[in-house]
Protein chains: 2
Amino acid sequence: MRKVSLYCGFFGQMMGALAMTRGMMNNVQINQQIFRESTVKSTRHPRAPTLEDVARNAGLSPMTVSRALNTPQLVRPKTVEKVMLAVRATGYIPNAMAGGLASRRSKLVAVVVPQINNNMFVDTIQALSDELARRGYHMLLCVAGYTEQTEAELVATLLSRRPDGVVLTGIHHTTELKKVILNAAVPVVEIWDLTPTPLDMLVGFSHERVGQATAQYLLRKGYRRPGLLWTSDSRAAQRKQGLCDVFASCISKGLPQVDVPLPASLALGRSGLSQLLGEGTFDVIVCSSDTLAQGAIMEAESRGMRVPQDLAVIGFGDLDFAASNRPTITTISVDRRAIGQQAASLLAERIEQQPCKAPIIDIGFHLVERESA
Amino acid sequence: MRKVSLYCGFFGQMMGALAMTRGMMNNVQINQQIFRESTVKSTRHPRAPTLEDVARNAGLSPMTVSRALNTPQLVRPKTVEKVMLAVRATGYIPNAMAGGLASRRSKLVAVVVPQINNNMFVDTIQALSDELARRGYHMLLCVAGYTEQTEAELVATLLSRRPDGVVLTGIHHTTELKKVILNAAVPVVEIWDLTPTPLDMLVGFSHERVGQATAQYLLRKGYRRPGLLWTSDSRAAQRKQGLCDVFASCISKGLPQVDVPLPASLALGRSGLSQLLGEGTFDVIVCSSDTLAQGAIMEAESRGMRVPQDLAVIGFGDLDFAASNRPTITTISVDRRAIGQQAASLLAERIEQQPCKAPIIDIGFHLVERESA
DNA sequence: TTGTATGCGTTATCAT
DNA sequence: ATGATAACGCATACAA
């Protein structure tokens, strides 16, 4: 299933070797002390075996061992064989800090998201992680909350790891962050948003157009008294902007709205609708996420209102429950996994100096008409 | 809100400095080229500024700069001042690979989970991330799926980063993994499970006892014809074991059961109940997660069955929607954030050689009686 | 309080 | 195809 398939360096080989020789593992001496004792200079702390230990064991130079592990095609097969034996005998595990220092490539990608426990982002993160792993990169994950300042602080600390690439959520950053990241000259992908002027590369979609499409659909369906159940992050704000722009052409007064804190939840959907219903009458509730929509639907039905006959509800995200909820939830579908997968691919290809594709990918979205609106 | 507060090294200071001088940032020269040109030996690649660049700029030795950044209390305040100015002038960002190589401490913690897009784990991961950040560690996150072999491969690659600590999900690992990790002599915390014999440290709870408690509760409430809606991961299997053990004392025949794949979803809850109802009659459906329970409830009600009068449903996890679902979902509550927070604390304290607390923390659980069962 | 010498474990580069 | 040497950027240990 999930396997490191493309990355054929040290671990690819060793895992193959381990798999083949698992039966004899008990006979193989894996003990650092043995090598410590045969070492000339004795250090206080017992060290992990190094290239030099492996080289000594194999009767080769450290450089040859390094090559056998990283670019085996440049080494005689017989020699590679000897090296692998020595690696297993010593229990050698490469030191990526030393390797990265020398090679100036860390095989590390830093990812900054506002939240992990947010149904919107987890799929993207998982896809990022999968694709990065497939390509031999590790993922440094940081949670920045929804403030630009926190993000800037985090990125500064992250850059000390000398990541080969950085993934940022959104397109709004402090000027310091931009300065620092441009100065570091590290490839960057911004995700989950769209702009003609990204820092570097971008994979996302237009939240404003999502809002517009939502409003157009609702108007077409005949809804004229919308109420908003909304969270306060900047991307939700953009969707609201698009929504209001379109509604404004048909509805004179501003849209009634209830704000809820992040993260969205079923409970907030329920309480939010309660509050909203106390402030007016509506024919449709537009929610900034499916989670809120599910809560709104539940609250409406608990009050004896039928959805969508008495009150329609529309969400955003097409989360997994939207298609099987009762009623099923009309929503905007976004390929969240694709965002992560494409972001990882863009970064990896840039890092590996492959011919650069379009640095701005609009992943798009589509409205899924279901029962709730 | 989320701030790096305890960790008072380089970035703590610099961010303070940046905050204070933000107004003048535009006037500050941050440009690597300038320093390249004043450097004696010219390298081909434009390098990021190093300690040496800062030292030269400040008229100090690199070692003093290093101290000013890492242990400012050992340096004269005036000198620290000079260093900070030079740091800002050069745009210096420490190289953690070089620092880690020299100090043998990476300030990195590797976290291995079966899935990210799983409502059970995200809260734990987020808490882990928060607590690690608070203590000045970065999180290397890897997704292993549910196979031990994949986990073993991942850990081998992760150890090449020389993490100061490792977090593993669960207590079942391949013998290779154990060998490798013990050989690396790296602190380990296993989470989300319980055993008297962890690899090293552990934060979790007994899934078997969860199953027992669930069964006892249901028997006490008078339910006698349970049906199981279950996923196939090993922790769910342990809960089932506990459940069956207790039910076995009262119910002679085995428990009817429908297995669903991971990750659990509302849709699987609905289809799973459909299947189950085709195979017998029940008074309660025991689900391996709240997500399945929510789906089962929805399916039952869509068939005109009232929950709990016609069919009771009990879940596991006390996910955020459980308390506000309609009906509210009776479930087992686990402090998922605490698992992450405690795991991070245990690791950090061990890494920093503080007096070792109990290395096995049973985080416990409690049954939350609500409407659904 | 500051500076010097040395080593951390690897890879780039050049030589053989 | 293999080896020798010199970085890589920093912190430890010790000296002043």
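Excluded from the calculations below are hydrogen atoms, water molecules and symmetry mates; all remaining heavy atoms, backbone and side chain alike, are included. Residue numbers begin at 1 in each chain, while the letters A, B, ... track the order of the sequences.
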* More than 12 heavy atoms from other groups under 6.0 Å of CD on B:Gln73 -> yes
* Measure from the side chain of A:Ser61, starting at C-beta and using heavy atoms only, and say which of D:dA1, D:dG3, D:dG9 lies closest. => D:dG3
* Any donor-acceptor pair under 3.5 Å between the side chain of A:Arg67 and the base of D:dG3? -> yes
* Structure fact -> In whole angstroms, the gap separating C1' of D:dA11 from CE of B:Met97 amounts to 16 Å
* Asked: From D:dG9, C:dT11, D:dA11, pick the nucleotide closest to the side chain of B:Ala98?
  -> D:dG9
* Please check the phosphate of C:dT10 (OP1 and OP2 only) for any side-chain N or O of A:Arg104 closer than 4.0 Å. => no
* State whether a side-chain donor-acceptor pair under 3.5 Å links A:Gln341 with A:Ser345. => yes
* **Under 4.0 angstrom between B:Asn95 side-chain N/O and D:dC8 OP1 or OP2** => no
* OP1 or OP2 of D:dG9 sitting under 4.0 Å from any side-chain N/O of B:Arg47? -> yes
* Taking only Lys NZ, Arg NE, NH1 and NH2, and the carboxylate oxygens of Asp or Glu, determine whether A:Glu148 and A:Lys178 approach each other closer than 4.0 Å. => no
* **B:Ser160 side-chain N/O to A:Asn95 backbone N/O, donor-acceptor pair under 3.5 Å** => no
* **Any A:Thr64 side-chain nitrogen or oxygen under 4.0 Å from OP1 or OP2 of D:dG3** => yes
* Do A:Thr64 and A:Ser61 have side-chain N/O donor and acceptor atoms under 3.5 Å apart? -> yes
* Choose from C:dT10, D:dG9, C:dG3 the nucleotide whose nearest atom is closest to any side-chain atom of A:Thr50. => C:dT10
* Structure fact -> Note: for A:Leu101 and A:Leu74 on DNA chain D, the residue whose nearest nucleotide lies more 5' is A:Leu74
* **Length of the CG-C1' vector between A:Leu69 and D:dT2, whole Å** => 15 Å
* Which part of the nucleic acid does A:Pro94 contact within heavy-atom distance under 4.0 Å: base, sugar-phosphate only, or nothing? -> sugar-phosphate
* **OP1 or OP2 of D:dA11 under 4.0 Å from side-chain N/O of B:Ser103** => no
* Under 4.0 Å between a side-chain N/O of A:Ser66 and OP1 or OP2 of C:dT11, yes or no? -> yes
* Structure fact -> Out of C:dT1, D:dA11, C:dT11, minimum distance to the side chain of A:Ala102 belongs to C:dT11
